[in-house]
Amino acid sequence: MEPQQDPVVVRHRELERIANMALRAGRIMMESGASVSVVHNGVGMIARGFGVDDVGMRSGYASLEVTVHAGGNTITRMMQVGRLGVNHRLDQAIRRLAVRVSHGGMSVDEVEAEIARLVKETPRHPAWVVAVAVGIACASFGRLLGVDWPAFTAILIAGTVGQYVRHQLLHNGVNVFIVAGLIAFLSATLGGVGAILLKSGTISLAMMASILLLVPGVPSTNAQTDIMDGYPTMGSARAVWVLMIMVFASVGVWFAEALLGLRSL
Amino acid sequence: MVELLPHLLHQAVFGALAAAGFGVLFNFGFRALPWCAAAGALALAVRTVGQDLAWSLEGASFAAAIVTSCSVSALRKQLGPACNAVGLAGCIPMVPGAFFGQALLGFLSVTAPNLVDAEATLILAVQSLLRVIFTLGAIGAGLLIPAHLLRNQDF
């Protein structure tokens, strides 16, 4: 005789799948640079697309929690969030998926498969293209700060090398703050040595511009957005993260300046 | 105004390059990158004009962020929900990362032994830090206020 299935347990299992799948979408958005309100809206849209009546969410820096309520049943689930970065195309793709799911007509399996496909197939620029682009961006930052043309070339090379090494270190799971310190030291040293060799008159500015790839512009703006949207805890966490990155980056520049004899330790 | 043009053009071109470069880092698609560059050029052009009118860096950055945010909002039909992200990428070249570094290096210097002019070093560091805070606040507020008032869609 087959054991009789408890309908409450069955419904809980269904809700659990919806909650976990919505959280997975939210986690990807969060890791791709979305603000908390966007993540909450996206998760809410996906859950409601499956007939969930109420959705409650809480966001921490390293985890997301959702409570879904439907047909008298309620469950709460939590999911770990990984390193927060920026991936515009993946973020936008998940947002479009959330809109499609909110219109109804998709199964949980279909949405899970679509999320997996987007994660796997959303294109990324090759690492060397990103490195060259970041080098150009750093050198352009340098021009905006007032460096001369010899320093422009030095920053371009330092920024490119710095970004490529940063990519490799992060890819190998090295702590993001240690990476910030190491890359600041490497890029500032390369930028400084290059500026000296090319007889630049703006060596210190060149060293500073070479590390601007590390300045977390999106997290600092997201920190403000989160606070303005009513999530001061997350906003504060982001702000502290930004400060820590800059502290490590500054220490890296400090050591680079000491190495080149521009500052005493 | 005519004598300002070469400087304005210089700032706009390098603002565009910086925004597009960071756009690649943020994994914007090739179709969105020219919009990032245009937003960067516009932001730096407005900030340069503001500073030429003797506005503070904070005031000029606020005006530049407002104009950039309004402009990308006007292009909502072309850009879709990505318009806010394009505006943000355009304002990235205005993020005062160099001042942030200078502020922290200044604070590190204050704790150094045998410091000669501690007061001047400290004041410079505090000035840089305040400039970072106010400029970041100005950019964030300038981007967010139009986006909220014009009800830009996130999805």
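Small disclaimer: the values here were computed from a predicted structure and weren't measured. We name chains A, B, ... by the order of the sequence lines, and we start the count at 1 in each one.
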What residue, out of A:Asp91, A:Asn87, A:Asn41, has the most heavy-atom pairs lying under 4.5 Å from chain B? A:Asn87

Answer key: most heavy-atom pairs under 4.5 Å with chain B among A:Glu257, A:Met246, A:Met45 is A:Met246

Does any N or O in the side chain of A:Arg238 come within less than 3.5 Å of the main-chain N or O of A:Gly235, such that one atom is a donor and the other an acceptor? no

Please classify the contact of B:Thr48 with chain A as side chain, backbone, both or neither, using a heavy-atom distance under 4.5 Å. neither

Neighbour count >12 (heavy atoms, 6.0 Å) for atom CZ, B:Phe107: yes

Is it the backbone or the side chain of A:Ala98 that comes under 4.5 Å from a heavy atom of chain B, or both, or neither? side chain

Tell me whether the centres of the aromatic rings in A:Phe141 and B:Phe22 are closer together than 6.0 Å. yes

Indicate every side-chain donor-acceptor pair of residues 124-140 of chain A with a distance under 3.5 Å to a residue at least two apart or in another chain.
residue: A:His125; atom: NE2; partner: A:Arg89; partner atom: NH2; Å: 3.3
residue: A:His125; atom: NE2; partner: B:Phe28; partner atom: O; Å: 2.7
residue: A:Ser140; atom: OG; partner: A:Ile136; partner atom: O; Å: 2.7

In this structure, is the centre-to-centre distance between the rings of A:Phe248 and A:Phe177 below 6.0 Å? yes

What residues of residues 211-224 of chain A sit under 4.5 Å from chain B when only non-hydrogen atoms are counted? A:Leu212, A:Leu213, A:Val215, A:Gly217, A:Val218, A:Ser220, A:Thr221, A:Gln224

Please identify, among B:Leu17, B:Val95, B:Val24, the residue contributing the most non-hydrogen atom pairs under 4.5 Å to chain A. B:Val24

With a 3.5 Å distance limit and no angle check, can you tell me whether B:Asn84 reaches the backbone of B:Ser69 through a side-chain donor-acceptor pair? no

Within 6.0 angstrom of A:Glu121 CD, more than 12 heavy atoms from elsewhere: yes

Evaluate the ring planes of A:His167 and A:His171, with Trp represented by its six-membered ring, and classify them as parallel (under 30°), tilted (30 to 60°) or perpendicular (over 60°). parallel

Option that, when pairs with chain A are counted at under 4.5 Å, heavy atom only, ranks first among B:Ser109, B:Ala32, B:Ala20: B:Ser109

Of the backbone (N, CA, C, O) and the side chain (C-beta and beyond), which part of A:Val99 lies under 4.5 Å from a heavy atom of chain B, both, or neither? side chain

Neighbour count >12 (heavy atoms, 6.0 Å) for atom OH, A:Tyr164: no

Look only at the side chain of A:Glu31 and the backbone of A:Gly82, and say whether a donor-acceptor pair between them is shorter than 3.5 Å. yes

Below 4.5 Å from any heavy atom of chain A, which atoms of B:Leu136 appear? Answer side chain, backbone, both or neither. both

Okay, side chain of A:Ser250, backbone of B:Leu105: is any donor-acceptor separation there less than 3.5 Å? no

Can you tell me which portion of A:Leu144 sits under 4.5 Å from chain B's heavy atoms? Options are side chain, backbone, both or neither. both

Chain B contact via A:Arg96 - side chain, backbone, both or neither, heavy atoms under 4.5 Å: neither

Between B:Leu88 and chain A, which part of the residue has a heavy atom less than 4.5 Å away: side chain, backbone, both or neither? side chain

